[in-house]
6 protein chains.
Amino acid sequence: DFLNALHEVVPAFGASTDDLERCRLNGIVDCGQRHDHIFKRTMLLAEQVKVSRGSPLVTVLLEGPSGSGKTAMAATVGIGSDFPYVKIISAESMIGLSEPSKCAQIVKVFEDAYKSTLSIIVLDDIERLLEYVAIGPRFSNLISQTLMVLLKRLPPKGKNMLVIGTTSEVSFLESVGVCDAFSVTYHVPTLKTEDAKKASFIVLRQLNVFSKDDVDAAAEALNDMPIKRLYMVVEMAAQGESGGSAEAIYSGKETIKMSHFYDCLQDIVRY
Amino acid sequence: DFLNALHEVVPAFGASTDDLERCRLNGIVDCGQRHDHIFKRTMLLAEQVKVSRGSPLVTVLLEGPSGSGKTAMAATVGIGSDFPYVKIISAESMIGLSEPSKCAQIVKVFEDAYKSTLSIIVLDDIERLLEYVAIGPRFSNLISQTLMVLLKRLPPKGKNMLVIGTTSEVSFLESVGVCDAFSVTYHVPTLKTEDAKKASFIVLRQLNVFSKDDVDAAAEALNDMPIKRLYMVVEMAAQGESGGSAEAIYSGKETIKMSHFYDCLQDIVRY
Amino acid sequence: DFLNALHEVVPAFGASTDDLERCRLNGIVDCGQRHDHIFKRTMLLAEQVKVSRGSPLVTVLLEGPSGSGKTAMAATVGIGSDFPYVKIISAESMIGLSEPSKCAQIVKVFEDAYKSTLSIIVLDDIERLLEYVAIGPRFSNLISQTLMVLLKRLPPKGKNMLVIGTTSEVSFLESVGVCDAFSVTYHVPTLKTEDAKKASFIVLRQLNVFSKDDVDAAAEALNDMPIKRLYMVVEMAAQGESGGSAEAIYSGKETIKMSHFYDCLQDIVRY
Amino acid sequence: DFLNALHEVVPAFGASTDDLERCRLNGIVDCGQRHDHIFKRTMLLAEQVKVSRGSPLVTVLLEGPSGSGKTAMAATVGIGSDFPYVKIISAESMIGLSEPSKCAQIVKVFEDAYKSTLSIIVLDDIERLLEYVAIGPRFSNLISQTLMVLLKRLPPKGKNMLVIGTTSEVSFLESVGVCDAFSVTYHVPTLKTEDAKKASFIVLRQLNVFSKDDVDAAAEALNDMPIKRLYMVVEMAAQGESGGSAEAIYSGKETIKMSHFYDCLQDIVRY
Amino acid sequence: DFLNALHEVVPAFGASTDDLERCRLNGIVDCGQRHDHIFKRTMLLAEQVKVSRGSPLVTVLLEGPSGSGKTAMAATVGIGSDFPYVKIISAESMIGLSEPSKCAQIVKVFEDAYKSTLSIIVLDDIERLLEYVAIGPRFSNLISQTLMVLLKRLPPKGKNMLVIGTTSEVSFLESVGVCDAFSVTYHVPTLKTEDAKKASFIVLRQLNVFSKDDVDAAAEALNDMPIKRLYMVVEMAAQGESGGSAEAIYSGKETIKMSHFYDCLQDIVRY
Amino acid sequence: DFLNALHEVVPAFGASTDDLERCRLNGIVDCGQRHDHIFKRTMLLAEQVKVSRGSPLVTVLLEGPSGSGKTAMAATVGIGSDFPYVKIISAESMIGLSEPSKCAQIVKVFEDAYKSTLSIIVLDDIERLLEYVAIGPRFSNLISQTLMVLLKRLPPKGKNMLVIGTTSEVSFLESVGVCDAFSVTYHVPTLKTEDAKKASFIVLRQLNVFSKDDVDAAAEALNDMPIKRLYMVVEMAAQGESGGSAEAIYSGKETIKMSHFYDCLQDIVRY
Ligand SMILES: Nc1ncnc2c1ncn2[C@@H]1O[C@H](COP(=O)(O)OP(=O)(O)OP(=O)(O)O)[C@@H](O)[C@H]1O
Ligand SMILES: Nc1ncnc2c1ncn2[C@@H]1O[C@H](COP(=O)(O)OP(=O)(O)OP(=O)(O)O)[C@@H](O)[C@H]1O
Ligand SMILES: Nc1ncnc2c1ncn2[C@@H]1O[C@H](COP(=O)(O)OP(=O)(O)OP(=O)(O)O)[C@@H](O)[C@H]1O
Ligand SMILES: Nc1ncnc2c1ncn2[C@@H]1O[C@H](COP(=O)(O)OP(=O)(O)OP(=O)(O)O)[C@@H](O)[C@H]1O
Ligand SMILES: Nc1ncnc2c1ncn2[C@@H]1O[C@H](COP(=O)(O)OP(=O)(O)OP(=O)(O)O)[C@@H](O)[C@H]1O
Ligand SMILES: Nc1ncnc2c1ncn2[C@@H]1O[C@H](COP(=O)(O)OP(=O)(O)OP(=O)(O)O)[C@@H](O)[C@H]1O
Ligand SMILES: [Mg+2]
Ligand SMILES: [Mg+2]
Ligand SMILES: [Mg+2]
Ligand SMILES: [Mg+2]
Ligand SMILES: [Mg+2]
Ligand SMILES: [Mg+2]
């Protein structure tokens with residue numbers, strides 16, 4: 001079944017920058033020191049892979065709350081590196097496939113990567129790849145076993161590889177042993193420290209939607225929010241209470257009313 | 001299996017207003033401020049989707065007790081919007097299908113919607129789509145994984161989409177992580193506040209089946225009832241104790257006897 | 001699998017009075033006020049379905065201990081109504097079928113009923129249809145999901161339907177949510193009140209097997225027994241201690257000895 | 001699958017006395033009042049079935065510890081009745097069959113029996129038919145559902161049937177609801193009362209293997225033992241300590257040494 | 001599936017002494033009174049089967065810790081009897097087979113044996129035949145049901161059979177009811193009593209690898225060890241600390257150093 | 001299914017030194033007395049197998065924390081022995097195969113080995129072969145049963161075999177009984193004692209990346225680390241804080257900055 005599945009999969013070489021760009025739809029703004037530190041370190045690992053003598057395979061896991069910017073960061077490392085093979089493995093392109101087919105597709109990407117001297121593979125949202133659900137818990141052991149073996153199997157002689165995983169369910173990954181299969185782990189936080197507050201100033205100002213006085217209050221209210229939700233709140237608020245004001249606000253003619261902004265914040269799913 | 005299932009599914013484009021109208025068989029009466037507020041906010045999200053720059057996908061969950069009016073409200077938003085593609089995904093049209101076939105059918109609707117510039121998809125009674133049952137609990141993880149990916153996957157460039165989910169089992173949805181996959185959530189209540197009582201006056205008067213004095217007492221007895229059950233009680237009561245009086249009551253010649261009305265209230269399954 | 005199953009099923013239209021009569025093998029005797037009340041109310045619901053404007057689908061559940069007379073009562077409503085389509089769905093005609101085949105058969109009955117202006121469907125012994133067993137508990141979720149959807153799906157325009165369910169495992173049905181899918185519920189009791197005692201007088205006298213003095217004592221001993229077991233006890237006792245006396249007793253030449261009657265009562269499986 | 005299985009099964013009509021005789025390999029000795037009482041009552045039920053007006057189906061369960069004589073008693077009733085159709089359903093003739101095939105074979109026996117005016121079916125060792133094992137517990141729900149329906153389904157008009165079940169796991173049968181599906185239940189005990197002691201005298205004397213003085217002591221030691229194990233102990237003891245004495249003992253030339261008899265009693269698996 | 005499997009199995013008649021001899025690779029030494037007692041009793045049961053009148057089937061279970069000599073003893077009984085059919089059923093010859101195939105192979109051996117007037121079947125390592133694992137626990141219910149039926153099913157008229165089971169997981173066998181299906185049970189112990197110590201003297205002296213003074217100390221250290229492990233320890237110790245001394249020791253030129261002997265004892269997996 | 005799988009597997013004879021060398025990519029440095037002791041003992045067992053009379057099969061398990069050097073040690077024994085058949089069985093070459101196929105592949109290696117007079121089989125990372133995951137726990141019982149039988153099944157006459165297992169989940173192996181199937185077990189530790197510290201000096205000096213003073217501090221910080229992670233930390237640190245210094249450090253022109261070294265130590269996944 002698995003072997004059949006393997007043959008059905010059409011090979012897809014090389015780095016598809018389009019896919020990676022789509023992972024950071026709102027661009028990259030300064031999110032404070034921690035985000036910065038993790039990004040630099042992951043870039044350093046890419047460099048290490050390039051020059052390594054004894055470690056042809058380096059694996060790093062970016063974990064943190066939903067929406068904290070893990071996928072965007074992994075994509076940015078992939079784009080920033082000049083590796084000939086960069087590929088993202090995501091549940092989005094495997095909807096509804098059987099476990100063996102998903103497995104075969106994942107293996108295929110690794111086999112393709114082994115043909116390249118230098119490669120980066122992003123295992124995005126590993127809990128989704130594993131079809132994890134907290135009740136039970138349930139997950140695909142076939143896929144988890146496959147990942148654990150792939151994360152330890154050395155590429156052929158002369159080929160070096162960096163694997164970047166992302167997850168918002170790190171304690172689950174720990175409990176199945178996938179976490180230990182990575183050599184390095186970084187925690188990507190929400191925007192909760194002073195640094196993060198500064199970062200949100202930038203976002204908010206950049207969006208240019210608040211009156212000068214309100215930016216401070218808004219930033220305060222956004223404390224401890226993931227960067228991804230920030231964009232949603234602002235856009236909701238920009239519609240105005242009775243709609244129709246979006247154009248006026250984006251063009252700078254109007255600003256967002258604070259009371260409406262707080263209302264929108266309430267509607268957002270607790271994170 | 002899934003891929004086969006996908007091919008068997010015949011595409012069905014566009015908004016079928018008939019289906020949507022059937023979802024609000026008893027029309028829409030004023031159910032108080034909360035119902036009104038949620039309706040307006042959901043309409044605003046539809047507007048936001050139309051003008052959005054950075055969020056091509058907005059997802060909102062309407063949750064609340066059985067019969068509180070969630071499906072009727074979602075249908076009303078779909079009818080009220082002028083989106084070219086509006087579609088309801090319901091367990092009713094997938095009775096007895098296997099999990100992969102259901103999955104394929106759901107994916108098909110999203111794929112169709114991606115071809116439209118603006119689209120609304122109603123995921124009705126998500127716990128039923130997931131084949132949820134409290135014992136175990138059991139549910140289809142294949143479908144829950146599919147929904148979680150679809151609720152986060154961005155439509156192709158230039159296409160915008162609003163997804164409205166409904167459920168009366170919000171705590172289950174939370175426990176499987178489907179709840180967090182929505183960006184916004186609203187609680188649709190029963191008719192329990194003063195506002196709601198006023199609302200029921202309207203229903204009761206409109207139905208014109210009580211004597212003037214009884215309307216108050218009846219409304220009091222109906223406190224904290226879902227709007228959907230209200231219609232059932234009234235219709236039962238209208239038959240009269242020994243039957244046959246329905247025509248007389250609907251034509252206004254007779255009114256409902258209060259003692260019989262209270263009896264009927266008792267027979268109704270506890271909600 | 002399910003679809004295949006659906007095609008294999010041969011359609012069977014109309015009301016088969018024979019089947020319904022077989023459900024009340026011992027006829028209908030007066031079992032007291034409660035039985036009477038439930039019967040009348042269920043007949044009223046049938047009437048309501050006939051004249052309804054806003055509720056094309058009414059669903060009622062008869063629940064109570066094993067042998068209390070639920071199936072016989074449902075059959076009697078079916079016979080008493082003058083609906084063109086009356087059908088009983090029972091596990092007896094689906095022995096050994098796979099879950100999808102059972103499902104298909106159930107759906108088939110509903111589809112047939114939708115073609116009739118007025119229809120009654122009896123879902124008999126729902127726990128048996130669901131293949132329920134207390135250990136686990138185990139049951140067919142495929143069938144329970146199907147029932148929950150069918151119990152809420154509206155018939156096509158202009159078609160009205162009454163569904164009567166019966167069960168002796170109401171707490172199980174509650175735990176899987178099937179109970180809430182019904183709009184009305186009635187509890188059918190054993191013969192335990194004074195009323196019931198009177199009822200058993202009738203049965204006992206009618207059977208004419210006791211001496212005048214013994215009828216009172218026998219009725220007392222039968223307190224809180226389901227009507228169905230009553231017939232079994234009497235028939236056992238009628239054989240006499242050493243057999244052979246049945247004919248003499250039924251023809252009124254002999255009466256049942258009380259000591260033997262009490263013995264038989266002991267052998268009966270605790271209810 | 002089940003339907004195929006049904007067709008593969010070759011019909012086998014009528015009462016096979018050979019099979020029934022094999023069920024009481026050691027004949028029937030007097031085991032005391034309780035055994036006697038149960039036997040008579042079960043024979044009475046057979047008579048009742050013959051003359052019944054209102055109960056075409058009577059079902060009785062013989063339950064008790066392993067080896068207490070349940071199967072032998074059921075077989076004896078079958079032989080003693082003059083019913084044209086008597087059949088034993090046992091796991092022995094279905095070794096290694098799949099659940100649907102076993103199911104089909106059971107249904108086949110009932111269908112055959114329905115063709116006979118009077119029939120007896122012995123469901124032997126129901127826990128083995130259900131593939132019961134205490135760990136879990138596990139069992140075949142397919143077969144248990146089938147049995148529960150068959151135990152309640154009425155034979156066609158004019159056909160009467162007695163079903164005798166046997167089990168040594170009555171509490172398991174209760175927990176799955178199979179117990180309640182029988183109308184009458186009898187507990188078949190070990191040889192533990194004075195009556196039983198007398199019974200064992202008979203067995204022991206009949207076997208004629210003890211010296212006159214030892215019979216009392218031996219009978220005492222055998223208190224609370226199932227009748228079936230009694231035969232095993234005696235035969236073991238009859239070999240003598242160093243073997244070879246069996247012939248001498250059975251021919252009455254030697255008697256069993258009591259010390260060796262007690263040793264053998266120890267080796268017997270705790271019952 | 002099972003029936004197919006049954007046909008694929010090629011029949012294999014008669015007693016294969018080679019197989020049985022391979023089960024006692026290290027021969028049989030005196031292991032003390034208990035071992036002796038069990039062996040004699042099991043030989044007596046074989047004799048009983050030969051002369052039996054009323055018990056055509058005798059079943060005995062040898063249970064005890066891993067390596068205590070159960071299989072070797074069963075094999076020795078098989079060799080010692082002069083039965084025309086002696087066969088060992090072991091997981092070793094069924095590696096990787098499916099449950100139905102294993103089942104069919106087991107049934108096949110019984111069917112073959114039924115053709116012989118006298119037969120012995122050794123069910124070796126029943127927990128391995130049942131694919132038992134403590135976690136869960138998991139095991140093959142198909143095989144356990146098959147064994148329970150086979151252990152009670154009488155051979156055809158005129159054919160007598162002895163079944164010897166072995167297991168080191170007696171409490172598991174009890175929990176699934178397989179234990180009760182045997183008529184006799186014996187516990188085969190480790191070498192823990194004085195008797196056993198004497199026995200190990202024999203092994204040790206026989207092996208001739210210790211100096212006269214060390215034999216006592218060595219025997220003491222070996223207290224409570226299964227006979228099978230004893231051979232392993234001695235052979236390990238015989239290599240000497242730095243290897244190469246095996247030949248010298250076995251030829252009697254050197255003796256084992258006690259300190260090294262104790263070291264080896266430590267490395268042995270806790271039993 | 002299993003038998004098919006067996007035929008698909010292409011035989012692969014003999015010792016592939018390349019595979020074994022790849023298992024100790026970083027060579028073998030002195031890791032202290034314990035590592036040394038285990039290595040020597042395992043070599044002795046290989047010698048014992050060569051000269052054995054009574055034990056044609058010896059099995060040894062190397063267990064210890066992830067990265068402690070188990071696989072490298074087993075490979076080194078395989079290379080060091082002069083056995084004609086040395087083979088490693090690893091999950092890496094069986095990714096995505098079904099359980100029966102994996103099983104067949106494992107059996108194949110044993111069957112091949114049986115053809116050689118002397119053979120070594122390395123069962124690498126047994127928990128991975130068993131597809132173990134802590135949640136549940138889940139694992140392949142098919143494979144665990146196969147291993148337990150293979151670890152006890154004697155090779156054909158005249159063929160001797162050493163099996164070396166490795167695992168970092170020894171308590172799991174114990175719970176499924178695989179541990180007891182080995183005759184000898186050794187615990188391979190991390191570098192935690194004084195000995196180990198000396199060993200790390202060697203590694204660190206050999207790598208020549210620290211200034212003389214820093215070696216002590218670095219070794220201290222590395223206490224209780226598995227040898228495998230040591231190489232990763234050093235290589236990370238060698239990149240320098242802002243990258244690019246690897247060449248300078250490896251060529252001895254620069255040394256690693258201690259503060260950066262501690263940072264890298266933090267990033268390493270907790271072991
Ligand atoms: N410094 C930053 N780092 C990461 N993302 C940023 C940054 N600045 C802006 N963003 C934007 O924030 C969003 C982060 O979303 P992203 O999908 O990466 O989060 P995530 O942690 O992967 O979420 P999830 O847990 O749902 O997968 C992106 O739209 C990205 O363009
Ligand atoms: N303001 C209102 N909002 C919603 N429904 C209304 C309103 N006024 C009247 N209704 C009527 O009330 C009924 C609400 O039923 P609906 O099926 O929407 O409830 P629901 O919450 O989806 O129930 P369920 O949990 O069973 O799916 C409809 O028949 C609708 O016509
Ligand atoms: N008033 C009555 N109501 C119902 N049944 C009656 C009445 N009078 C007599 N009977 C007889 O009592 C019996 C009731 O059995 P019935 O099968 O309906 O019980 P049940 O509650 O459906 O049992 P179960 O739980 O086993 O399905 C029938 O044989 C019926 O003829
Ligand atoms: N009065 C008696 N009643 C029953 N069996 C008797 C009696 N007298 C002697 N026997 C003998 O005792 C044995 C009873 O065994 P039987 O198989 O009937 O027990 P069982 O209760 O069915 O055991 P199990 O629980 O193992 O199925 C038979 O061999 C039978 O010949
Ligand atoms: N008196 C004896 N009884 C049994 N075995 C003996 C005796 N003397 C020596 N042996 C040897 O001891 C070993 C016993 O191993 P055996 O395989 O029979 O143990 P076991 O209890 O079946 O172990 P396991 O639980 O692993 O199946 C055999 O090699 C046998 O030759
Ligand atoms: N004395 C030594 N013993 C073992 N390995 C050593 C030794 N010296 C250096 N090494 C190196 O250390 C590494 C040990 O890794 P190895 O894969 O053997 O660990 P492991 O215990 O099998 O890990 P895992 O639990 O992940 O399988 C190898 O790269 C090996 O070259
Ligand atoms: Mg992400
Ligand atoms: Mg709804
Ligand atoms: Mg009923
Ligand atoms: Mg029996
Ligand atoms: Mg053994
Ligand atoms: Mg390893």
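Remember, predicted model here, so these are calculated numbers, not experimental data. Basis for what follows: all heavy atoms, side chains included, without hydrogens, waters or symmetry-related copies. Within every chain, numbering begins at 1; the chains are lettered A, B, ... in the order of the sequence lines, protein sequences first and strands thereafter.
Within the 4.5 Å cutoff, no side-chain heavy atoms of C/Leu25 are placed close to those of D/Ser55. Taking 4.5 Å as the limit, every side-chain heavy atom of C/Met94 sits out of range of all side-chain heavy atoms of D/Val149. Using a 4.5 Å cut-off on side-chain heavy atoms (C-beta onward), C/Ile135 and D/Phe139 make contact. Taking the side chain as every heavy atom from C-beta outward, D/Val58 and C/Glu235 never approach each other to under 4.5 Å. For the pair C/Glu131 and D/Leu142, the minimum side-chain heavy-atom distance is 4.5 Å or more.
Summarising the geometry of C/Arg138 relative to D/Pro137, their closest heavy-atom pair is NH2-O, 4.0 Å, with the distance given to 0.1 Å. In plain terms, the two heavy atoms of D/Arg153 and C/Glu92 that are nearest each other are NH1-O, 3.1 Å. Of all heavy-atom pairs spanning C/Arg22 and D/Leu154, the tightest one is NH2-CB, 3.8 Å. Of all heavy-atom pairs spanning D/Val184 and C/Met236, the tightest one is CG2-SD, 3.9 Å. In terms of heavy atoms, D/Ser175 sits closest to C/Ala134 at O-CB, 3.5 Å. Nearest heavy-atom pair, C/Met232 versus D/Ser183, reported as atom, atom and distance to 0.1 Å: CE-OG, 4.0 Å.
Per-residue counts of heavy-atom pairs under 4.5 Å with chain D were compared for C/Val233, C/Asn26, C/Asp263, C/Val133; the largest is that of C/Val133. Between chain C and the options D/Lys40, D/Lys157, D/Glu47, D/Lys50, the largest number of non-hydrogen pairs under 4.5 Å is found for D/Glu47.
Both the backbone and the side chain of D/Val176 come within contact range of chain C, each with at least one heavy atom under 4.5 Å from a heavy atom of that chain. Proximity to chain D is absent for every atom of C/Ser90, based on heavy atoms less than 4.5 angstrom apart. Using a 4.5 Å cut-off between heavy atoms, C/Ala91 contacts chain D through both its backbone and its side chain. When heavy atoms are compared at a cutoff of 4.5 Å, D/Ile106 does not approach chain C at all.
Between C/Asp125 and D/Lys152 there is no salt bridge, since none of the side-chain N atoms of the basic residue sits less than 4.0 Å from a carboxylate O of the acidic one.
Taking CD of D/Gln145 as the start and CG of C/Leu97 as the end, the distance is 13.0 Å to the nearest 0.5 Å. Atoms OH and OG, on C/Tyr250 and D/Ser52 in that order, are 6.5 Å from each other to the nearest 0.5 Å.
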Item to check | Residues C/Asp267, D/Thr185; criterion side-chain contact (heavy atoms from CB on, under 4.5 Å); working and verdict | outcome: CA-CA 6 Å; C/Asp267 294 346; D/Thr185 305; over 6 Å; no

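Within 6.0 Å of atom CD in D/Glu111, more than 12 heavy atoms from other residues, nucleotides or ligands are found, so the atom counts as buried in its surroundings. Atom NZ of D/Lys159 is surrounded by more than 12 heavy atoms from other residues, nucleotides or ligands within 6.0 Å.
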